Amino acid sequence: MALHKGSGKRDERKVSVNPFFGEANPVSGMTEAPPTHRLPDTPLPPTTAYQLVHDELMLDGNARLNLATFVTTWMEPQAGVLMAECADKNMIDKDEYPRTAELERRCVAMLAELWNAPDPSSVIGCSTTGSSEACMLAGLALKRRWSKKNADRYPGARPNLVMGVNVQVCWDKFCDFWEVEARTVPMEGDRFHLSPREAAALCDENTIGVVGVLGSTFDGSYEPIAELCAELDALQERTGLDVPVHVDGASGAMIAPFLDPDLEWDFRLPRVASINTSGHKYGLVYPGVGWALWRDAEALPEELVFRVNYLGGDMPTFALNFSRPGAQVVAQYYMFLRLGREGYRAVQQSTRDVARHLADRVEALGDFRLLTRGDQLPVFAFTTADHITSYDVFDVSRRMREHGWLVPAYTFPPDREDLSVLRVVCRNGFSHDLADLFLADLARELPGLRRQERPSTRDKGAATGFHH
Ligand SMILES: *Cc1c(COP(=O)(O)O)cnc(C)c1O
């Protein structure tokens, strides 16, 4: 046996580890309460940190009872596994993750065909973090197209974008961020979205485009895109103004192709320059993924495109972010592969069936008037019938929240600020059974509501909830 001597000089070299190597102090997790609003001084064991965060999140709402959001709240376990496997993939690293880049390319190709591009090979598209980013990019393309055509007048002239007052807030953001005048068509009577005639009337030589929404977040109705295009064709004949259309299909671009194949709203209409959708809404993927597609290179000015390394060459990109997770794009490809056209049709059809059925049953209660019936987006809006004076939609929203249901109530924009509604968004996972439970809870509340002397929700803002 070899004999060893103690070290004469003290060895000052430290072992090179960091907290990920193990639990430095196994009891620290039991003795230390970390501060919550200041970066803690010392690390915690992973099990302790996990338990703390996990327990806090238990108090988040139950997403299946949330009838306010359009965003996917359930995917099958295999999708979850795939996403966890891809959590480290950065979408912008096309060179490092060429297969992820390829899956994105395939998704764009599938959407180009789904949206009936006459020449899918000329379509250009990309994934985004959601429809908001997609709308920013589409709006930027419209603005740049217009400014190039009007180089003699811009800067100087003020560009404008024409849309219904019912557009999602991302369009207000776009106009604000990129200094474009928002020209909105107000609601009127029982028309809760844009009218083609009025939209065309707002166009002039500074109009970068018209946004048509499929469908409206306010009531789930489809805007009449084909009629809008026809009206703009007539405008061009009369005045020479050639105004492109962007379709904000955040929800509907993943519903209409499967359930309303004869409805012309997409690239079949030559005036439609670009379309966006939210992969994380009826694309059935967890947040956040969206898609933006342009009909051809002319619709997306080359100067907006940036190039990144890709397998020794370069790949064009168009995005607001640089780094972004790749997992959602992979999950979108998984869903396309998993369901196919027939699968998507079946899922969306059952969601629409639930929406229509529930809308009918709400109407049959007798206290409500339906504005929409769930037969376009699987979404419907309703208000209290004229004879109901003892309570209002805000009271209903508040009472349903006590049962765990999130049903937003909100007031319509101009010129229907007199109208307040409740809106139910049906999604995959909101089954007939859950719809029946919802209806039973609503019916149970009605006697109490009818007995009220007058509407009782003073803080209407608090009752409305998030409704975009
Ligand atoms: C949800 C929605 C948006 C915003 O989409 P995100 O994916 O949430 O960013 C834009 N437009 C319409 C019509 C929408 O429904």
Side-chain angles (χ1 to χ4, degrees), residues 115 117 123-125 128 131-151 153-154 157-185 193-214 216 223-250 252-253 265-277 290-304 318:
W115 296 341
V123 166
I124 307 170
T128 61
S131 278
S132 300
E133 186 188 10
C135 293
M136 299 296 144
L137 300 180
L140 277 172
L142 289 176
K143 186 179 175 195
R144 185 60 65 96
R145 266 179 89 176
W146 170 87
S147 69
K148 278 173 66 180
K149 270 197 203 154
N150 293 276
R153 300 188 301 115
Y154 181 80
R158 184 163 185 230
N160 68 67
L161 182 65
V162 171
M163 51 205 173
V165 70
N166 54 300
V167 288
Q168 210 263 358
V169 286
C170 72
W171 290 106
D172 300 312
K173 254 193 211 176
F174 168 77
C175 289
D176 196 27
F177 288 4
W178 276 281
E179 303 187 326
V180 170
E181 176 194 348
R183 288 199 179 161
T184 54
V185 177
H193 54 225
L194 152 161
S195 110
R197 175 111 28 104
E198 290 195 37
L202 288 179
C203 293
D204 60 20
E205 69 282 5
N206 294 333
T207 302
I208 63 172
V210 179
V211 176
V213 182
L214 200 83
S216 175
E223 290 194 326
I225 310 291
E227 292 79 354
L228 172 65
C229 289
E231 200 65 50
L232 292 171
D233 289 346
L235 178 78
Q236 182 171 11
E237 259 172 45
R238 275 199 317 276
T239 65
L241 290 176
D242 182 8
V243 181
V245 167
H246 171 79
V247 180
D248 178 355
W265 61 274
D266 51 18
F267 289 125
R268 277 170 286 185
L269 303 167
R271 198 166 282 281
V272 171
S274 46
I275 300 172
N276 71 273
T277 197
W291 300 94
L293 268 67
W294 290 264
R295 166 184 295 278
D296 50 29
E298 198 200 329
L300 176 57
E302 175 68 16
E303 314 88 87
L304 294 174
F318 187 23

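What you are looking at is a predicted structure, and each value in this text was computed from that prediction instead of being measured.
A salt bridge links Arg183 and Asp204; the closest N-O separation between the charged side-chain nitrogens and carboxylate oxygens is under 4.0 Å. The pair Arg158-Glu179 does not meet the salt-bridge criterion, since no charged nitrogen lies less than 4.0 angstrom from a carboxylate oxygen.
Between Ala200 and Glu231, the closest heavy-atom pair is CB-CG, 3.6 Å.
Under the 4.5 Å side-chain criterion, counting only non-hydrogen atoms from C-beta, Leu161 is not in contact with Thr207. Two residues are said to be in side-chain contact when any heavy atoms from C-beta on lie closer than 4.5 Å; Val210 and Leu232 meet this criterion. For the pair Glu181/Cys175, no side-chain contact is recorded, criterion being any heavy-atom separation below 4.5 Å from C-beta on. Annotation: side chain of Ser147 is in contact with side chain of Tyr154 (closest heavy-atom distance under 4.5 Å). Under the 4.5 Å side-chain criterion, counting only non-hydrogen atoms from C-beta, Arg271 is in contact with Asp233. Residues Asp248 and Met163 fail the side-chain proximity criterion, which asks for heavy atoms closer than 4.5 Å. Between Val247 and Asp266 there is no side-chain heavy-atom pair separated by less than 4.5 Å.
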For Glu303 and Lys148: C-alpha separation, side-chain torsions, deciding distance, then whether salt bridge (Lys or Arg N to Asp or Glu O under 4.0 Å) applies.
CA-CA 11 Å; Glu303 314 88 87; Lys148 278 173 66 180; 3.3 Å; yes
Could you walk me through whether Trp291 and Asn276 pass the side chain to side chain donor-acceptor pair (under 3.5 Å) check?
CA-CA 5 Å; Trp291 300 94; Asn276 71 273; over 6 Å; no
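Annotation for Glu205: atom CD counts as buried by contact number, over 12 foreign heavy atoms lying within 6.0 Å.
With hydrogens and angles disregarded, a donor-acceptor distance shorter than 3.5 Å links the side chain of Thr277 to the backbone of Ala250. A donor-acceptor contact shorter than 3.5 Å links the side chain of Asn150 to the backbone of Trp146. Remark: side-chain polar atoms of His246 are not paired, donor with acceptor, to backbone N or O of Ala138 under 3.5 angstrom. In this structure a side-chain-to-backbone donor-acceptor pair under 3.5 Å is missing from Glu223 to Leu214. Looking at Lys143, its side chain never comes within 3.5 Å of a backbone N or O of Val180 through a donor-acceptor pair. Between the side chain of Ser131 and the backbone N or O of Ala134 there is no donor-acceptor pair closer than 3.5 Å. Formation of a donor-acceptor pair under 3.5 Å by the Thr128 side chain with backbone atoms of Gly290 is found in this model. Using modelled atom types, one side-chain atom of Arg295 and one backbone atom of Val272 make a donor-acceptor pair closer than 3.5 Å. Between the side chain of Thr239 and the backbone N or O of Leu241, at least one donor-acceptor pair lies under 3.5 Å.
Aromatic rings from Phe267 and Trp294 are positioned such that their centres are separated by 6.0 Å or more.
In this structure, the separation between NE2 on His193 and OG on Ser216 is 8.0 Å, given to the nearest 0.5 Å.
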